Amino acid sequence: MKLLTLNFLTCAIKTCKSAPSSFPLHPRDASLEVIETDLNLPFLKNILPRLMWDELRVITSELGLPDLPPTPPTREDLVVAAEDAAVEGEESEEEASQTAKDLHRVLLETTVKEGKLVCGNCGHEYKVLEGVPNFLLPGHLV
Amino acid sequence: MLPTPSTSHVCFDRVYEPAEDSFLLLDTLSSSSEAAFLQERFSNAQSTPPLVLEVGVGSGVVLAFTAANAKRILGRQDVLTIGTDINSFACQAAAQTIRTAITEHGHGKTISLDVVNGDLASCLRPQSVDVFIFNPPYVPADLPDFARHERYNGLPDGDRKTTFEQDSYLLELSYAGGEEGMVVTNRMLEQIPEILSTDRGVAYVLLCAQNKPEAVKQGIRQWGTGWMAETVGSSGKQAGWEKLQIVRIWKEQA
Ligand SMILES: C[S@@+](CC[C@H](N)C(=O)[O-])C[C@H]1O[C@@H](n2cnc3c(N)ncnc32)[C@H](O)[C@@H]1O
Ligand SMILES: [Zn+2]
């Protein structure tokens, strides 16, 4: 499970949804795996406003990953400034900066393989098995 | 014709095999009228990437198709997809279908998040979904006995194979919809106003004739001011009745 997925998930228990502490879910006893994928710069730039940055920082720090900066990067931060980029006459594609590469690594390449996701409100633990989180509750199935 | 994603790796003994309903969804989403509707909402290249959620992904054929053809359907490549299914075997199968389709036809550009094992959209953050897709268990037939779910939702301890009873249970989950085939769909419809993004959310839900689609659409229009429900795709005309149809649900801004 990619860390970016956690940006969109919350506790499945109905009464938790209105409680601010039900988001983000907290990874616990997680074994991580890095799965490399191609970096998509337009995507990274556009996703910035959708990222819950403070919550993302909580997740990365709980996982013991390198600290994310206190404020989210800007679109410009994700691109190597034009004068530094090699200009070879023809129209060159924008080049991803180190900030973009780090963000890509955290959001899309770092995955939880096994472990739990814990709700900060009710304490319910959701298991992650072979990369698939299980949000089924006994109460759902009636 | 856009290519249909490959599902040759999926074992259809316990995961729903793409059928007429699945293909109606593919055809409707890629029809020129729906593409026009969706592109008007989403193709602005500077807006944030839309999140596409499919509940009940099964083999993953519909979400994989949407992901691989995001440019043709939504007018942009930087789309996020997420899926859920109650059947954990379907989750594993769909994840692979989506991965393959994106690499083979989607130029690796769409961002596929994960396929989550869960009930409907209960684990999604409120107001986060921009495009919602659901091909529900819609057949009027008794719901299976969920007391067996935990035991049947994975491989039995130490076993490599599922049992026949287990497979039948998992397939029942994919088609049996309870009274009028609407028990699961009604539970899902209730969640839709909560999960859709307020400014641009839109939902596609498949219904069959026994679901009383006209009454279902009427009910949706009574959710409140601005709520719309229209049939935007259909197949299998029988004596003037559509056997299957896709209803688009959205809220007009005041
Ligand atoms: C008719 S099949 C559709 C499969 C696939 N989307 C397609 O179009 O080929 C319905 C799917 O919904 C899943 N399902 C049934 N009840 C569900 C629930 N409560 N939550 C999530 N998924 C569910 C089934 O496991 C099955 O995969
Ligand atoms: Zn909770």
Side-chain angles (χ1 to χ4, degrees), chain A residues 1-18 20 22-25 35-52 55 75 104 107-109 111-113 117 119 124 126-142, chain B residues 44-51 53 76-80 82-92 94-95 99 102-103 107-130 143-150 153-154 173 187 191 194-195 197:
Chain A
M1 186 191 61
K2 301 179 175 77
L3 296 192
L4 181 56
T5 302
L6 288 173
N7 192 64
F8 299 101
L9 297 182
T10 177
C11 182
I13 296 169
K14 222 176 177 173
T15 49
C16 276
K17 304 243 185 236
S18 53
S22 65
F23 179 81
L25 296 168
I35 302 171
E36 296 197 347
T37 60
D38 290 340
L39 186 148
N40 180 340
L41 194 53
F43 170 78
L44 283 181
K45 286 200 225 168
N46 286 341
I47 196 70
L48 293 171
R50 286 199 85 156
L51 296 178
M52 307 293 278
E55 288 82 356
R75 295 173 77 91
H104 175 70
L107 296 179
L108 294 165
E109 294 188 326
T111 67
V112 178
K113 194 148 188 274
L117 302 170
C119 170
H124 192 89
Y126 299 97
K127 276 201 182 128
V128 182
L129 286 173
E130 296 178 55
V132 180
N134 181 339
F135 281 93
L136 289 167
L137 300 164
H140 276 148
L141 308 168
V142 275
Chain B
N44 174 357
Q46 298 286 310
S47 62
T48 60
L51 178 67
L53 165 69
R76 63 195 294 163
Q77 206 59 266
D78 58 338
V79 168
L80 279 165
I82 188 164
T84 76
D85 205 291
I86 196 169
N87 171 351
S88 75
F89 298 96
C91 295
Q92 297 283 5
R99 232 179 290 128
I102 292 181
T103 3
H107 320 289
K109 286 280 181 58
T110 306
I111 309 294
S112 141
L113 295 175
D114 296 274
V115 181
V116 174
N117 191 198
D119 178 52
L120 305 178
S122 57
C123 60
L124 267 288
R125 240 178 64 211
Q127 261 82 59
S128 59
V129 177
D130 298 300
L143 294 176
D145 172 10
F146 293 116
R148 297 171 291 173
H149 193 80
E150 212 177 318
N153 191 34
L173 286 176
R187 277 205 305 126
Q191 294 184 3
E194 188 185 291
I195 58 157
S197 64

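Within every chain, numbering begins at 1; the chains are lettered A, B, ... in the order of the sequence lines, protein sequences first and strands thereafter. A quick note: this is a predicted structure, and the numbers were derived from the prediction, not measured. The analysis underlying the following values was restricted to heavy atoms, covering all of them including side chains, and did not include hydrogens, waters or symmetry mates.
Only the backbone of Pro42(A) comes within contact range of chain B, with at least one heavy atom under 4.5 Å from a heavy atom of that chain. Only the side chain of Glu194(B) comes within less than 4.5 Å of a heavy atom in chain A; its backbone stays farther off. Only the side chain of Phe23(A) comes within contact range of chain B, with heavy atoms under 4.5 Å apart. Looking at Val115(B), the atoms closer than 4.5 Å to chain A (heavy atoms on both sides) all sit in the backbone: N, CA, C or O. For a residue to count as touching a neighbouring chain, one of its non-hydrogen atoms must lie under 4.5 Å from one of that chain's; by this rule Ala95(B) does not touch chain A. Heavy atoms of Asn153(B) lying under 4.5 Å from chain A belong exclusively to its side chain. Using a 4.5 Å cut-off between heavy atoms, Leu80(B) touches chain A through its side chain atoms alone. For a residue to count as touching a neighbouring chain, one of its non-hydrogen atoms must lie under 4.5 Å from one of that chain's; by this rule Ile82(B) touches chain A with the side chain only. With a 4.5 Å cut-off on non-hydrogen atoms, Leu108(A) touches chain B through its side chain but not through its backbone. In this structure, chain A has no heavy atom under 4.5 Å from any part of Ser88(B). The part of Pro50(B) that comes within reach of chain A is its backbone (N, CA, C, O), which places non-hydrogen atoms under 4.5 angstrom from that chain.
Heavy-atom pairs under 4.5 Å with chain A peak, among Thr84(B), Leu113(B), Asn117(B), at Asn117(B).
The main-chain N or O of Leu25(A) is never found under 3.5 Å from a side-chain atom of Tyr126(A) such that the two would form a donor-acceptor pair. Put simply, the side chain of Asn46(A) gets close to the backbone of Ala45(B): a donor and an acceptor are under 3.5 Å apart. The closest donor-acceptor contact from the side chain of Arg50(A) to the backbone of Ser128(B) lies under 3.5 Å. Of the possible donor and acceptor atoms, none in the side chain of Asp130(B) sits under 3.5 Å from a partner among the backbone N and O of Ser197(B). At least one donor-acceptor pair closer than 3.5 Å links the side chain of His104(A) to the backbone N or O of Thr37(A). Of the possible polar contacts, none joining the Glu36(A) side chain to the Glu109(A) backbone as a donor-acceptor pair under 3.5 Å is found. Between the side chain of His149(B) and the backbone N or O of Ile86(B), at least one donor-acceptor pair lies under 3.5 Å.
Between Asn44(B) and Arg76(B), the side chains place no donor N or O within less than 3.5 Å of an acceptor N or O (distance only, hydrogens not considered).
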